[in-house]
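Just below is one structure, and these are the notes that go with it.
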Amino acid sequence: MPGVFADELIRTPRQTEGPFYRTTWPLDTDNDLIIVNDGITPAVGEITHLSGRILDAKGDPIRNALVEIWQVDNHGVYLHSRDTHAERDKNFQGFGRFPDRLKGEYYFRTIKPVLYPGRTRHIHYAIKMKGARSGRRSVMSKASPRTSATESIKKSQTQRRAPSVTVDFAPIKGSRIGELAARFDIVMGFTPEA
């Protein structure tokens, strides 16, 4: 219809890297954070299938992006030399990468984030394109026993943006081991080059 413009999607806000982005490369960097390399012992935690799309503000997929995630293990410990408050789960990879080539989509098998002092459940993201980091985002669980994700977001984000950084971790119907699924679409604040 002439004169009518499509609304832009709410951009996923940039956030600080935080203190625990990897300081060294872990033994394994694939998109399955539950098993390290060819190990047979899985990480402890609620297995979560995390997927989504990398989009521009118009909703078009951004192809050829490298998606990185990092998060705490089931004990609330990052894979980082300075995080020594508890023993780390050596079977949890803690950091993963997913290189998209065609569709602007990503997939990780990880655990549902746990609480740790002063923070709600969350997973950190970094999006890289053409060798340059294009910004960090975090996704937070909508429900948390001690801290409401929405209350935490109000401190740093507007109410309008809260839905762009929160997601439900829903049980997968028919899963015999109680697996969860979470879908988080990241809307970048620029239009990629053709």
Side-chain angles (χ1 to χ4, degrees), residues 6-34 36 48-73 78-80 83 92-114 119-142 149-150 152-153 155-158 160-169 180-194:
D7 286 336
E8 285 194 345
L9 298 174
I10 297 173
R11 292 177 179 93
T12 307
R14 285 179 177 262
Q15 297 179 353
T16 61
E17 181 178 280
F20 296 118
Y21 183 72
R22 63 165 185 78
T23 51
T24 60
W25 285 104
L27 296 173
D28 192 3
T29 62
D30 66 5
N31 65 326
D32 185 354
L33 282 67
I34 303 298
V36 176
T48 299
H49 298 270
L50 180 64
S51 63
R53 300 172 297 164
I54 309 300
L55 306 170
D56 67 18
K58 295 179 182 178
D60 295 324
I62 297 175
R63 294 169 182 81
N64 300 312
L66 176 67
V67 180
E68 295 180 340
I69 66 168
W70 65 100
Q71 69 179 92
V72 296
D73 64 15
Y78 282 98
L79 177 65
H80 192 281
D83 194 356
F92 184 61
Q93 193 169 301
F95 174 90
R97 305 173 105 190
F98 187 86
D100 170 70
R101 299 287 182 252
L102 301 172
K103 299 180 183 178
E105 297 177 347
Y106 69 88
Y107 168 80
F108 292 94
R109 189 170 78 133
T110 187
I111 62 170
K112 182 178 180 179
V114 298
R119 296 297 304 268
T120 192
R121 303 170 191 265
H122 65 281
I123 297 173
H124 300 272
Y125 282 76
I127 314 302
K128 295 180 178 183
M129 290 173 285
K130 297 183 182 179
R133 193 176 312 276
S134 298
R136 289 169 175 75
R137 278 84 175 145
S138 294
V139 61
M140 297 182 216
S141 173
K142 283 188 179 177
T150 304
S152 297
I153 292 164
K155 294 177 185 174
S156 61
Q157 308 293 334
T158 64
R160 180 174 175 256
R161 290 193 173 188
S164 71
V165 293
T166 58
V167 66
D168 285 319
F169 287 73
L180 304 171
R183 183 160 180 87
F184 180 55
D185 292 341
I186 298 173
V187 180
M188 303 298 286
F190 67 94
T191 303
E193 296 176 14

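Worth knowing before you read on, the calculation uses all heavy atoms, side chains too, and leaves out hydrogens, waters and symmetry mates.
- Partner of Pro113 under the side-chain contact (heavy atoms from CB on, under 4.5 Å) criterion, chosen from His124, His122, Gln71: Gln71.
- The distance from the CD1 atom of Ile54 to the CG atom of Asn64 is 12.5 Å, given to the nearest 0.5 Å.
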Residues Leu79, Trp70; criterion side chain to side chain contact (heavy atoms under 4.5 Å, CB included); working and verdict: CA-CA 8 Å; Leu79 177 65; Trp70 65 100; over 6 Å; no
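- Smallest separation of non-hydrogen atoms from Val72 and Phe92: O-CE2, 3.6 Å.
- In this structure, Arg63 and Asp100 have side chains that are in contact, with non-hydrogen atoms separated by less than 4.5 Å.
- Rounding to the nearest 0.5 angstrom, the gap separating the OG1 atom in Thr166 from the CZ atom in Arg121 is 14.5 Å.
- Using a 30° and 60° split on the angle between ring planes, Tyr125 and Tyr106 fall in the perpendicular class, above 60°.
- Asp30 meets the side-chain contact (heavy atoms from CB on, under 4.5 Å) test with Asp28, Asp32, Gln93; sequence neighbours excluded.
- Counting all heavy atoms, side chain and backbone alike, Pro61 lies closest to Gly104 at CB-CA, 4.1 Å.
- Rounded to the nearest 0.5 angstrom, Arg109 CZ and Leu50 CG are separated by 13.0 Å.
- In terms of heavy-atom proximity, Leu55 sits nearest to Asp185 at CD1-CB, 4.2 Å.
- With sequence neighbours excluded, no residue forms a side-chain hydrogen bond (donor to acceptor under 3.5 Å, both in side chains) with Thr48.
- Separation of atoms CD1 (Ile186) and CZ (Arg53) is listed at 11.5 Å; rounding is to 0.5 Å.
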Given Leu33 and Ile69, is the side chain to side chain contact (heavy atoms under 4.5 Å, CB included) satisfied, shown in steps? CA-CA 10 Å; Leu33 282 67; Ile69 66 168; 4.1 Å; yes
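- Atom CG in Leu66 sits 8.5 Å away from atom CD1 in Ile127 (nearest 0.5 Å).
- A distance of 7.5 Å separates CZ in Phe98 from CZ in Phe108, rounded to the nearest 0.5 Å.
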